[in-house]
Structures are given as structure tokens and as C-alpha cells.
Amino acid sequence: MQRNQLDVRAYETAERLLKHHRKELVFADRASPRWLGDGARFWYTVNTAEGKRFVVVDPAGGSRRPAFDHERLATALAAATGQEISPAALPLPAIQPTEQAVEFDAFGQHYRWDLTDQTLHQAEGDAPGNPLEVAAPDRKHAVYRAGHDLRARTLDGARDWALTCDGTEDRDYAANPDYLMYSTLLTKLGLPHLPPAVAWSPDGSRLLTHRAVQSGVRRSHLLRAAPAGGGEPALLSPRFAVPGDEHIPLAEYVVVDIASGTVTEAQGEPAGMSMMSPLFQKWAWWSEDGSAVHYLARSRDARTLTLHHLDPATGAVRTVITESGPTRVDPAPTQLQPPLVKVLSGSREILWYSERDGWGHLHLHDATTGEPINQVTSGDFAVQELLHVDEATRTVHFTASGLVPEDPYRRTVCSAALDGSDFRRITEDDLDHVVTTAPDGTCFIDSASTTATAPVITVRDWSGRVLVELERADITGLEAAGWRAPEHVRTTSADGTTDIYGLLHLPHDFDPTRRYPVIDTPYGLPTANRVSPSFDPGHYGYEAQALAALGFVVLAVDGKGSPGRSKTFLDASYGNLGDACGLDDHVAALRELATTRPWMDLERVGVTGMSSGGYASTRALLRHPDVFKAGVAESGMHDFRLLEPGLGEAYHGPYDAEEYAALANETLADRLQGALLLIHGGLDDRVPPQVTLRLAERLIAHGKDFDLLLVPDADHIYFGYEHYVTQRKWDFLVRHLHHQDPPTDYRLPPVPIDMEALADLFA
């Protein structure tokens, strides 16, 4: 029987709502500062209806002005280079503004634009930065990797010399674990590896780094089946430890003196780094005066966190603080955040993040003995980010969630005295605040919004006073494309005890008299939240908005076991990763919401997600076949036995063969009833493709009908293949939930490479 075809306009609108089109629909929604000199001023670029504009801000003076006359500079640069240049898209990756001029690089030359007489001159300037180097703060030296060793060079080109000469494949200087260091995504970008993992001393004379010790670490295997330009398939064999392995990558800290070449080894136990270099995670840092190094280390089961003091002159190491608990002990609310730990000047006191009282709070410790002095923050709220410590006034500034009754995930800017008194809300509204602190600590940039309220970006002082307004986002183009603000929803957890919060996106053609299929979009690990409290929806939020344009009701919730709230709420996932951060709560939310929203058709419920969301999506189909009728799993983490130890061992518990087998989706393969599309990249070095292929084998063994899309040379995020994977996912969900055919002749175009985003990645 011939079926109806979905209107092609739904796909066209959904495409418009994908992330890479956002700058065409939303203007002035962000201001990422590039600080100048001592950090008293900054510049940023803003996307406007007239194109990209460069802006210079003086917070102390309360001024915001164009960095230059964009039209006149475009004309002058076009005349000087013979290139066609639009003032709306000046090809300047960065600028160096002063009161009299603006300097920049373009087309391989360094230029100076005189603000007084509006003239352009070629000028002497620093050579463009090399993404594989790390320059010293004084801009005199840079270090880079050569083989398994480190070299240094002067930025004026006068000298280039070896810093180490004993590096080997198994003791590799400044390296990350293989899956990250030599990722297939980097290869596509034309880079052989990541820049070195190093931290310069404040005066630029010494270097903190480590050797990546990987002897005995097992190897995984990937087949480059379709090499660019043809040729024979190639086998890639990165080292990739899994839970229960004896050997995992370790970091042996060393301090290198740039002038003498002296290498001082830390006299402490190597730190585990199955995820990434602790220097990349900012788990190691220099004191402000360069007299000491501090670093965090965590036991392999993640239940003990320690802070260590390293003497860079002798290599002597002593343990300063040790905290242990029955579940993981974290130095920050989410996995990839910089730690909320700060050694105060003079190294007499330490601010320490802990959830020991049931909430994420700041504590003051003695830096000599490690003993607690007092608790700095307390109450039924969670500190989310450490912004600034004013040691003169003994005040700490931070963001906290849990202070806005409507949404416990919204962040509020707060302060407290270091003795635990004088807690104060600096931002007294009910908005979510995304904050960037000035390097000199005198002020902060505040982007205030909600999921339904467009951002207003200001610079404020620590009293909350607005020093200068930067931007008010213009979302008229987004609204014209059919976007509507998602509904903020609160439901009750499956056990009937806890409020669960999320978002409900309505179809663009919404008519309350009709019934619509529903798609759930879970995230299955407690490493990050699924729902953003700000106007920027995050990766999965963009997808939800696009699916709503295709005529689906789309649900996103943070169930029990996810971060951002109390320790009890978070620990619902510990030893329970198979629940994928509250799948039962998702089912409870769907049923509760449908009781007052009859237009939600619970006979047509789908689920989709990527990575841990792919695990959760498949698990939803297998654990709740009566609820979920179709699902798409991209790059799914279907079996924690085959993933890096820093996931299963830290977020579920120490390896136990029986327990980990029960976590694997293949164990439930016989329960599949709905339609399932499994998608994986053949060169996924983050979640190896055999994770999905083993699930596929079990589904076949049980005689289950499913679809499998293996994208031969794709990585974990399908770089270069995003458009194809997205359309296959949309087509599948339209067929199985709308019971319609997708548009016949519609093809999503390739996603353009965002060079600015890539530049920021390596900045």
C-alpha cells in the first residue's frame, strides 16, 4: 500500500535549525572575549545582520566601540591584496588593538591599520601560531614534540634545541592516551597529533609536563577501509585499555628547565590518565609565583581524590589533601570541568570542592596539614563554578545552581566570605548566568538567559552593577523559521519521590486537536547534563529543535543519576549505569505528561541519542519494549567492557565480570521488539565500532530485525559525514513513527567546516 510522503518543507525547516545555520538565524547571542595586555580590556567578534563585527571594550571606562571602520578597512585591504573582501566577512582570525592602531594577519602578511589617519601598512609582527606548539607566556619560546621527545625554539627563530632525548613509544613526553593524541579526527584536519601537554611556569623559564607511560597497555584495532585518494586498506592499532586491565596509561610528571635542559622527575606515584592528560584537564598547575606545582590524582576506582604539592627544584612530592568516599569523589560537578580547587597565595590555604555534606560546596583547608579549617558555602544548593577569589577582602565568587525554584539547574552568581559568612546572590534574577571572569579579576562578562529568554550580555562588577552592556540577542530570524520556545516541564521520578525537570519541544504545525508521535532524547552517562538551562541548547538541543520541525513532540529530561543537583541525586547512577541516568524516570515523565496533553501519542514513541545517548536509546528499546517503538543509536556505548576504564570504573564501580556483562546491551538483545537503527563510524577511536558490531551479532543470533549503518571512515562524531547520518536518522524516524515516507528528492548538503570553531579548539 502506498503511503503518504512527508512535506519536503518540514525537512527544509529542520535543516535550517541545525547548529551550523544558527548564525544565520540568531544575531548577537554571544561575546567570547580575547583579553588584551594585563586583562583590563578585551575585544570580541559579534555576528550581526550586517555580518561579523569586531568590538573593543573597556569595562573600567564603561565603553564599547567598533575596533575599526569595517567598510574602510575592507576597501583598503582589498586594494593592498588584490582580493575581493567584504566588510561583512573580514578574513581576520584575530586582531591586536591599541588606542592608535589595530594589527592583524591576513593572506600571509602582517598589517597595521592606523586608526588616526585610516591607512593600512604592512608591518613586522609575530609569526602566526603553530597549532602543534605551545608558546611561553612571555612569547619568547615555544615547545613542540619531535618523535617521542620535546624540543624548544625561540620565537624569533634564532635557536631550536632538544629538551629531552630519552622518549620512547612507551614513555612518550607530553602525550595524551593514543585515542586522543592521534585521533582520526585530527588526521582529517591535517594534524598528525595534538599539541604537547605542558604548562609553562609564570616566568616562562620552566615547563611542567609528563611522560605518558603506556607499556603493556592493550591495543585496539581499526580498519581504514577507504583511505582518502584510494590505496590499500590500513590497520590502525591505538593502545586502548578497558576495565579490569592491569595496565592503563599513566602520567609521570617532570619539570624541564628551558635554559639548562635539566629534567627534574617528580618523586611520587604516576597519575592515572585513561581519559586524557591531567594537564589538558587542568588537574595540574603552577603556583602564581612559580615556586610550586600542585596536581590532583584520583584512585582508579575514583573513590579517593588527592591533592599533591610538587617542588619543581627537587621533585619532592607530598600529599596535601586526601578525600575518600563510598562512591566517586569529584573535584568539579561535571567530568570535563576544570577542578574547583585553588591554592591561595602564600600556599597557606586551599579552597577545596567537596560533596561530603550531600551538596557540592567549597571548603577551606590548611595547605600545610591538609586539615579542614571551615566550610565556606553550605545549604541545599550546588556550587557549579569557581569564578574568582579576592584574597584582600577574603571573598570567593562562584556560580551555584538550586537557588531558582522554577529550575534547579539555572546558575546564579554568588559570593561568600572565606570564613563561611556573608553568603550573597550577586545576580538576583531568576535567569541562568554563563560567566567569564576577567584575568585581573575586577569584573565578569555575564550572559543571562533561559531556554525561552534570549541572552543579554553585559560586563558587571562583583556588586552586580552593569559596567557596560555588550549585546542583546536578536532571535527574529529563528522565530521566523518556525522555532518556538520549549515548554519547561516538571514531573515526578519513577519511584514517586523526586521532582524531575526537562523540556518539551512542540511540533511546528502544532494543533492541540491532533495527535503527534513523541521522541525521547536521553543522555546515558552522569558526566554531563542532557538539558541546558540557557538559551544555547547544546548539541542535543539543536537536534531536538530540528526534530520538532519534522512534526515530533520531543522530550529531554535529566533523570536521577545525572549531575547538577545533590550528591544523592547523582549517586543514583553509581553502580547502576544500566539505568542510563534514569530511563525509568523518562518513562514516568512520558506517561505523566500525556495525562494532561492528549496530543502526545504514546503508541508512537521513539528514542534517539549519540554516544552514551546511543547506549541509552538502545537500552530504552530493550528495557521498555512496551513504551518505545523505534530508536536510532549513533556511536552507542553499548558495552562498557570494551570502553576506556575512566568511564565504567569511575561511574559504575570497579570491574566485576558479571556486573559489567549485565550492563551490556547485548545481554538484553533477545528483548528487541521495536525498530532499531544502529549507526557507527568505522574509525571511531572513542567508542570502537566493535562495540556496536558485537551488539549486532547478538541481535542476529536472536533472529531480530534491525538496521545497521556502518560509515567506513567516519570518526565518533561523523566529521564530514554529518549530513548523511542526520538524514538517515530523520528518514528512519519519519518512516517508523509518522508512518510516512520521507521526501523523495531531498538531500541534506554537507556541513561546512567552521574554521573559527576549529581555531578556538586549539587556542
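- When the side-chain hydrogen bond (donor to acceptor under 3.5 Å, both in side chains) test is applied to H716, the partners found at least two apart in sequence or on another chain are S611, D684.
- With hydrogens and angles disregarded, no donor-acceptor distance shorter than 3.5 Å links the side chain of H308 to the backbone of V317.
- When ring centroids are compared, Y574 and Y651 stay outside the 6.0 Å threshold.
- For Y615 and F640, the ring centers sit closer than 6.0 Å to each other.
- Under the 4.0 Å criterion applied to side-chain N and carboxylate O atoms, R591 and D626 are assigned as salt-bridge partners.
- Among R619, R623, K560, the one residue that satisfies the salt bridge (charged side-chain N to carboxylate O under 4.0 Å, His left out) test with D579 is R623.
- A salt bridge (charged side-chain N to carboxylate O under 4.0 Å, His left out) with R239 is found for one member of D170, D172, D685, D245 and no other, namely D170.
- The backbone N or O of D536 sits less than 3.5 Å from a side-chain atom of S532, completing a donor-acceptor pair.
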Walk me through whether T618 and H638 qualify under side-chain contact (heavy atoms from CB on, under 4.5 Å). CA-CA 8 Å; T618 304; H638 301 294; 3.1 Å; yes
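- D639 has no carboxylate O lying under 4.0 Å from a charged side-chain N of R698, or vice versa, which leaves the two without a salt bridge.
- Heavy-atom contacts from other residues, nucleotides or ligands closer than 6.0 Å to CD of E269 number 12 or fewer.
- With sequence neighbours excluded, no residue forms a side-chain hydrogen bond (donor to acceptor under 3.5 Å, both in side chains) with T209.
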Intermediate values then yes/no, side-chain contact (heavy atoms from CB on, under 4.5 Å), V217 and F240: CA-CA 7 Å; V217 176; F240 192 90; over 6 Å; no
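- With salt bridges taken as basic N to acidic carboxylate O contacts below 4.0 Å, none links E666 and R671.
- Contacts of R735 classified as side-chain hydrogen bond (donor to acceptor under 3.5 Å, both in side chains), with partners at least two apart in sequence or in another chain: none.
- Between F552 and H505, the distance separating the two ring centers is not shorter than 6.0 angstrom.
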Checking H624 against D584 for the side-chain hydrogen bond (donor to acceptor under 3.5 Å, both in side chains) test, could you report, in this order, the C-alpha distance in whole Å, the side-chain angles of both residues, the deciding distance, and whether it holds? CA-CA 9 Å; H624 300 281; D584 292 348; 3.0 Å; yes
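- At distances below 3.5 Å, at least one donor-acceptor pair connects side-chain atoms of T608 with backbone N or O atoms of V632.
- The residues E265 and R211 are annotated as salt-bridged, a charged nitrogen and a carboxylate oxygen being separated by less than 4.0 angstrom.
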Would you sort out whether H148 and E169 count as a side-chain hydrogen bond (donor to acceptor under 3.5 Å, both in side chains), showing the intermediate values? CA-CA 6 Å; H148 302 296; E169 183 180 21; 5.8 Å; no
